[in-house]
Protein chains: 2
Amino acid sequence: MVDGKVPDIIVGRLPLYLRALSRMRQAGAQVTSSQELGSQIGISSAQIRKDLSQFGEFGKQGTGYNVPFLITQLRRILQVEEVWDVALIGIGDLGRAIANYAGFVDRGFRITLVFESDPEKIGQRIGALTVQDMAGLEEEIHRRGVRIAMLAVPAAAAQPVTDRLVGCGVRGILCYAPTSISVPPEVQVQYTDPVLHLQHMTFYLGASQAPR
Amino acid sequence: MVDGKVPDIIVGRLPLYLRALSRMRQAGAQVTSSQELGSQIGISSAQIRKDLSQFGEFGKQGTGYNVPFLITQLRRILQVEEVWDVALIGIGDLGRAIANYAGFVDRGFRITLVFESDPEKIGQRIGALTVQDMAGLEEEIHRRGVRIAMLAVPAAAAQPVTDRLVGCGVRGILCYAPTSISVPPEVQVQYTDPVLHLQHMTFYLGASQAPR
DNA sequence: TAGATTGTTAATCGATTAACAATC
DNA sequence: TAGATTGTTAATCGATTAACAATC
């Protein structure tokens with residue numbers, strides 16, 4: 001109910017709740033229950049109620065949760081009511097796909113700076129953005145007050161670039177490079193590596209593929 | 001030591017260990033310790049030893065773990081000694097980036113089929129692959145014995161496509177669509193949604209961005 | 001040998017679930 | 001009112017950590 005300190009594992013589920021609720025609203029739902037929300041995302045209703053109770057009382061006995069209201073609350077809790085500016089580092093195929101992705105703004109993020117070290121790519125335009133030289137990274141990020149970066153550089157470049165990002169004020173890094181990076185404790189890091197997920201799945205897949 | 005049933009949370013860490021070990025080997029390391037491996041990826045040494053002990057005894061007191069040997073063992077445990085054929089569904093910007101990504105094969109995966117519903121894209125070539133009509137999905141996947149799919153379609157299409165995939169023998173799905181999908185219990189699903197990670201981070205980011 | 005590090009046990013810590021009074 | 005569903009407590013379950021004998 002009162003937030004002394006919220007377990008990180010709970011914080012990590014809130015975006016999932018928000019995503020499911022947004023889809024429900026899109027589908028026209030005005031209310032939902034912990035039961036319905038849970039079955040939608042494969043989580044027990046008790047867990048959802050417990051998680052939400054960390055932040056307040058958002059439901060009504062007998063009827064459940066008002067979908068738009070709960071969305072508003074989760075956006076507030078997660079601090080995505082306003083849109084965050086994000087810097088994207090690395091314009092390979094992946095970086096380009098990220099830069100072109102239209103699904104960020106609705107959910108609280110907007111790529112406003114893109115950097116790349118390859119001289120061939122510097123100056124290219126991606127939508128409304130111009131690819132900038134890594135040389136200007138610190139100055140631009142600092143000047144714009146950007147606090148979040150997405151790192152889509154080769155694994156070998158991830159740590160040095162991270163150090164530069166941290167040095168110029170970035171406090172959240174989403175790392176697409178298939179490697180771990182080190183940051184000071186005040187900096188948030190999250191990783192995304194599809195191969196980790198694939199290898200997690202293959203552990204459970206019996207035998208090999210069908211005969212060819 | 002003996003594998004009665006391995007907790008899923010442990011299985012999920014093995015790919016992380018494998019990734020870190022591969023980088024160590026690349027860097028020329030022949031041996032490592034649970035201490036070193038742990039500090040590299042931000043996990044306690046005790047946890048690494050405990051996790052590995054689920055599958056056997058891979059280390060040597062006093063000296064630690066032989067890097068290439070442990071890599072071999074993890075690849076065996078995760079069933080990525082051989083390369084898995086993977087079908088990719090959806091050739092938007094993201095699908096294209098996935099299809100072009102060169103980092104899969106080394107780690108056990110190879111995209112061998114790509115499908116798309118947009119008639120404009122069918123027949124296009126992506127590297128050595130030809131974009132195929134979704135109409136032939138079941139036949140092609142079944143014929144090739146493909147067991148794993150990556151889903152890079154819009155959220156609204158995710159569930160119907162999933163049902164088709166499950167119907168033709170796919171047993172592992174990596175879902176890039178920002179939505180949850182339902183599958184029978186024998187099918188593995190993993191998700192990747194960068195926005196979930198970003199929203200997880202913003203919870204911790206104080207105040208707003210710097211003044212503009 | 002002495003130092004280092006494993007594999008494993010027991011203790012601690014934290015997360016999930018079940019259950020139910022409160023109440024819409 | 002009767003039925004439904006919340007928020008919360010206590011019990012259960014599972015994961016992590018600390019510690020150390022074994023041993024390379």
Side-chain angles (χ1 to χ4, degrees), chain A residues 1-17 20-21 24 29-74 77 180 200 203, chain B residues 1-17 20-21 24 29-74 77 180 200 203:
Chain A
M1 201 188 224
V2 183
D3 42 317
K5 170 109 68 67
V6 182
D8 184 64
I9 196 161
I10 292 182
V11 175
R13 278 192 294 260
L14 301 182
L16 203 59
Y17 299 164
L21 288 162
M24 283 183 182
Q30 272 296 311
V31 294
T32 188
S33 63
S34 57
Q35 175 71 67
E36 183 182 47
L37 182 56
S39 78
Q40 192 124 145
I41 62 190
I43 276 181
S44 79
S45 62
Q47 182 159 80
I48 288 176
R49 293 197 303 277
K50 189 108 206 287
D51 286 356
L52 294 177
S53 76
Q54 291 278 334
F55 305 96
E57 307 192 355
F58 305 118
K60 226 185 259 191
Q61 282 103 325
T63 65
Y65 301 91
N66 178 292
V67 172
F69 174 73
L70 189 49
I71 287 174
T72 302
Q73 294 302 310
L74 285 172
I77 292 164
S180 296
H200 187 160
F203 176 86
Chain B
M1 201 191 223
V2 183
D3 42 318
K5 170 108 68 70
V6 182
D8 183 65
I9 196 161
I10 292 183
V11 175
R13 279 192 295 260
L14 300 182
L16 203 58
Y17 299 164
L21 288 161
M24 282 182 182
Q30 272 297 309
V31 295
T32 189
S33 63
S34 57
Q35 175 71 68
E36 184 182 46
L37 182 55
S39 77
Q40 192 125 143
I41 62 190
I43 277 182
S44 79
S45 63
Q47 181 158 80
I48 288 176
R49 293 198 302 279
K50 189 109 207 287
D51 286 356
L52 294 177
S53 76
Q54 291 276 336
F55 305 96
E57 308 193 354
F58 305 117
K60 226 186 262 191
Q61 282 104 327
T63 64
Y65 301 91
N66 177 291
V67 172
F69 174 72
L70 188 50
I71 287 174
T72 302
Q73 294 302 309
L74 285 173
I77 293 164
S180 296
H200 187 161
F203 176 86

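Nothing here was measured: the structure is a model prediction, and the numbers come from that model. Throughout, a chain's letter reflects where its sequence line sits, starting with A, and its residues are numbered from 1.
Between A/Ser180 and B/Ile41, the closest heavy-atom pair is OG-CG2, 3.6 Å. Smallest separation of non-hydrogen atoms from B/Phe55 and A/Phe203: CE2-CE1, 3.9 Å. When all heavy atoms are compared, the tightest approach of A/Val31 to A/Glu36 is O-OE1, 4.0 Å. Taking each heavy atom of A/Leu37 and A/Ala20 in turn, the nearest pair found is CD1-CB, 3.7 Å. Closest of all the heavy-atom pairs between A/Pro15 and A/Val11 is CD-O, 3.0 Å.
Considering only side-chain N and O atoms, A/Tyr65 lies nowhere under 4.0 angstrom from the phosphate OP1 or OP2 of D/dA4. A close approach under 4.0 Å does not occur between any side-chain nitrogen or oxygen of B/Ser34 and OP1 or OP2 of C/dT5. For B/Arg49, a side-chain nitrogen or oxygen approaches OP1 or OP2 of C/dT6 to under 4.0 Å. Using a 4.0 Å cut-off, no side-chain N or O of A/Arg13 falls inside it from OP1 or OP2 of C/dA15. Between B/Ser44 and D/dT16 there is no side-chain N or O to OP1 or OP2 distance below 4.0 Å.
With rounding to whole Å, B/Tyr17 atom OH is found 13 Å from C/dT6 atom P. Distance CD (A/Gln47) to P (D/dT12): 19 Å, rounded to an integer number of Å. At whole-Å resolution of the value, CG in A/Asp8 and P in C/dG14 are 13 Å apart. For A/Lys50 and D/dA10, the NZ to C1' distance is 10 Å, given to the nearest whole Å. In this structure, CD1 of B/Ile43 is placed 15 Å from P of D/dA18, rounded to the nearest angstrom. Rounding to whole angstrom units, CG of residue A/Asp51 and C1' of C/dG14 are separated by 13 Å. In this structure, B/Glu57 places its CD atom 13 Å from C1' of C/dT5, rounding to the nearest Å. Atoms CG (B/Leu52) and C1' (C/dG7) sit 10 Å apart, rounded to a whole Å.
Helical stems in DNA chain C, defined as runs of 3 or more consecutive Watson-Crick or G-U wobble pairs with both donor-acceptor distances under 3.5 Å, are listed by first residue as C:3-24 with D:3-24.
Checked against side-chain hydrogen bond (donor to acceptor under 3.5 Å, both in side chains), A/Asp51 has the following partners two or more places apart in sequence or in another chain: A/Arg13, A/Tyr17.
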Protein-nucleotides 21-24 of chain C N/O pairs closer than 3.5 Å?
| unit_1 | atom_1 | unit_2 | atom_2 | d |
| --- | --- | --- | --- | --- |
| C/dT23 | O4' | A/Gln61 | NE2 | 3.4 |
| C/dC24 | O4' | A/Gln61 | O | 3.3 |
| C/dC24 | O2 | A/Gln61 | O | 3.3 |

Worked check of side chain to side chain contact (heavy atoms under 4.5 Å, CB included) between B/Leu52 and B/Leu74: CA-CA 9 Å; B/Leu52 294 177; B/Leu74 285 173; 4.2 Å; yes
